[in-house]
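Notes follow the structure.
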Protein chains: 2
Amino acid sequence: MKKNPIAVAVVEDVKGTRENLVELLKRAAGLNCAGAFASGEAAVRDLPTLAPDVVLMDVNLPGMSGVQCTAQLKARLPKTQFLMLTAYENSELIFESLRAGASGYLMKNTEPNEILAAIEQVHAGGSPMSMQIARKVVSHFQEIKKPSLEFEQLTPRELEILSLLAKGFLYKEIADQLKISLHTVRGHVHLVYEKLHVQSRSEAIIKFLGQK
Amino acid sequence: MKKNPIAVAVVEDVKGTRENLVELLKRAAGLNCAGAFASGEAAVRDLPTLAPDVVLMDVNLPGMSGVQCTAQLKARLPKTQFLMLTAYENSELIFESLRAGASGYLMKNTEPNEILAAIEQVHAGGSPMSMQIARKVVSHFQEIKKPSLEFEQLTPRELEILSLLAKGFLYKEIADQLKISLHTVRGHVHLVYEKLHVQSRSEAIIKFLGQK
DNA sequence: CTGGAAACAGAACGAATGTTCTGTGGCGCG
DNA sequence: CGCGCCACAGAACATTCGTTCTGTTTCCAG
């Protein structure tokens with residue numbers, strides 16, 4: 001695929017694990033171990049000069065977390081791909097890592113061969129994830145809408161007004177746009193509040209934006 | 001892995017493609033082709049009685065789209081896993097499919113072997129995705145925060161108050177929680193509005209929730 | 001045709017919000 | 001030290017919201 005070997009760096013605090021990874025990288029064809037770091041702080045300081053193609057980053061580092069470390073490094077090395085390694089499948093950490101700029105996420109019990117395959121994949125523009133991780137990521141999209149029961153109670157007009165509220169318009173502006181009176185807007189809004197079981201515009205907007 | 005064969009159904013309008021898939025399933029060990037449908041309408045009508053373990057669903061169906069079809073079927077068959085197949089990598093369709101309840105997403109040019117592997121994986125609780133698809137899904141998390149420039153202007157206290165506003169609290173409630181006076185809350189909120197360039201609580205909440 | 005839902009409208013009132021002032025005290029920095 | 005930033009506080013005032021009433025009209029289903 002790639003004529004030049006892929007330069008890979010490792011950030012992992014546990015000595016044994018780190019050395020195993022380095023060994024794995026050295027043995028592999030097409031890869032080149034550019035460096036290894038025992039802490040996020042050390043990586044932030046010295047990794048940028050290496051400018052590796054791929055970084056294997058432990059999520060749970062003492063001191064600066066792997067997530068913070070990734071965020072800082074990604075800002076300076078936008079072309080470098082970050083592949084997170086973790087022992088636990090904590091959803092929050094997964095999403096924070098991805099937000100921080102990681103492109104892949106593997107469990108630490110992944111087979112060595114698969115780790116190598118994942119490095120190639122992430123370098124080729126993919127996003128390798130362990131099975132459980134991928135499912136969590138995908139599920140994130142589905143969770144976004146369960147209690148739409150309350151919204152189904154709303155009439156089309158009420159929904160229309162709610163969506164205008166959720167764009168930040170004042171009652172007066174809504175009345176003008178829909179060519180109805182301020183009183184009518186108030187009436188609709190009041191019914192919306194009842195149906196959504198809220199008692200302020202803020203809560204209604206939050207509910208509306210949350211499930212949509 | 002699995003003693004019972006995995007029951008798989010296919011929804012695909014193009015005859016040739018559909019027959020190829022069925023052939024592939026029939027040849028495979030550990031799988032069982034439960035049925036094939038040429039349209040979303042037919043699948044919605046007759047697929048539930050089969051209650052397959054996995055459904056291969058074409059995204060681009062004429063008439064009822066694969067996304068709509070998935071949404072309806074998933075509601076009735078929550079334990080069935082849906083694996084989308086598509087010729088094009090359209091981001092919107094990917095996200096809509098996942099929201100509709102799909103658990104995997106493959107390009108149609110995927111190798112037959114990999115399609116079989118994906119079926120097993122989705123049945124085992126994973127979320128197989130083609131490389132390009134996975135990257136799009138992951139990128140979705142990163143796009144969510146660009147214009148946080150305005151938020152960086154906020155002091156910690158202002159951010160704290162904004163986040164309480166975004167939970168729907170009244171000024172009075174915020175004042176009580178933070179043990180400060182109503183006047184102070186007003187003061188902070190006013191500064192927040194200036195820094196975010198908004199002039200109402202609604203707009204501030206919308207901005208805050210939008211980029212976060 | 002009778003009843004109910006939905007959209008519309010007006011009034012009146014208190015509560016919450018947004019604006020514009022002024023002023024205090026603490027804290028870091030040149 | 002003086003300056004600016006932050007957090008805090010009070011006051012006065014206009015605006016916007018939210019609630020509770022009472023109505024009209026239309027349209028649809030029983």
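Only heavy atoms go into these numbers, but all of them, side chains included; no hydrogens, no water, no symmetry mates. Every chain is numbered from 1 and lettered A, B, ... according to where its sequence line falls, protein lines coming before strand lines.
With distances taken from any side-chain atom of Lys195(B) to the nucleotides dG18(D), dC6(D), dT16(D), the minimum falls on dC6(D). Distances were taken from every side-chain heavy atom of Ser181(B) (C-beta onward) to each of dA7(D), dA7(C), dA9(D); the shortest belongs to dA9(D). Counting only heavy atoms from C-beta on, Ile180(B) has its side chain closest to dA9(D) among dA9(D), dT19(D), dT19(C). Side-chain atoms of Leu170(A) lie closest to dT16(D) of the nucleotides dT16(D), dC8(D), dT17(C).
Remark: C1' of dC13(C) and CG of Leu182(A) are 15 Å apart, rounded to the nearest angstrom. Taking atom NE2 on His188(B) and atom P on dT17(C), their separation rounds to 16 Å, with Å as the unit. One interatomic measurement links the two molecules: CD1 of Ile161(A) to P of dA7(C), which rounds to 8 Å at whole-angstrom precision. If you take CD of Gln199(B) and P of dT19(C), they are 7 Å apart, rounded to a whole angstrom. As a whole-Å value, the separation of Glu203(B) CD from dT16(D) P is 13 Å. Here dA7(D) presents its P atom at 10 Å from CG of Leu154(B), a figure rounded to the nearest Å. Protein atom CZ of Arg186(A) is 20 Å distant from nucleotide atom C1' of dA6(C), rounded to whole Å. The nearest whole Å value for the distance from the CZ atom in Phe169(B) to the P atom in dA16(C) is 15 Å.
Ion pairing between Glu12(B) and Lys108(B) holds under the 4.0 Å rule for side-chain N and carboxylate O. Note on Glu41(B) versus Arg45(B): no salt bridge recorded, every NZ/NE/NH1/NH2 to OD/OE distance being 4.0 Å or above.
Thr184(A) comes within 4.0 angstrom of a nucleotide base, judged by non-hydrogen atoms across all strands. Residue contacts for Arg201(B): at a heavy-atom cut-off of 4.0 Å it reaches the sugar-phosphate backbone alone, with no base atom in range.
Screening Leu178(B), Thr184(B), Leu191(B) for a side chain to side chain contact (heavy atoms under 4.5 Å, CB included) involving Arg157(B) leaves a single residue, Leu178(B). Results of the side chain to side chain contact (heavy atoms under 4.5 Å, CB included) test with Leu106(B) over Leu83(B), Val122(B), Thr86(B) single out Leu83(B) as the only residue that passes.
Considering only side-chain N and O atoms, His190(A) lies under 4.0 angstrom from the phosphate OP1 or OP2 of dT19(D). Between Ser200(A) and the phosphate of dA16(C), there is no side-chain N or O to OP1/OP2 separation shorter than 4.0 Å. Remark: Arg157(B) is in phosphate contact with dC8(D), judged by side-chain N or O atoms under 4.0 Å from OP1 or OP2. OP1 or OP2 of dC8(C) has not a single side-chain nitrogen or oxygen of His183(A) nearer than 4.0 Å. Regarding contacts with the backbone of dA15(C), every side-chain N or O of Tyr171(B) stays at 4.0 angstrom or more from both OP1 and OP2.
Within the model, atoms CD of Glu158(B) and OG of Ser163(B) stand 12.5 Å from one another, a figure rounded to the nearest 0.5 Å.
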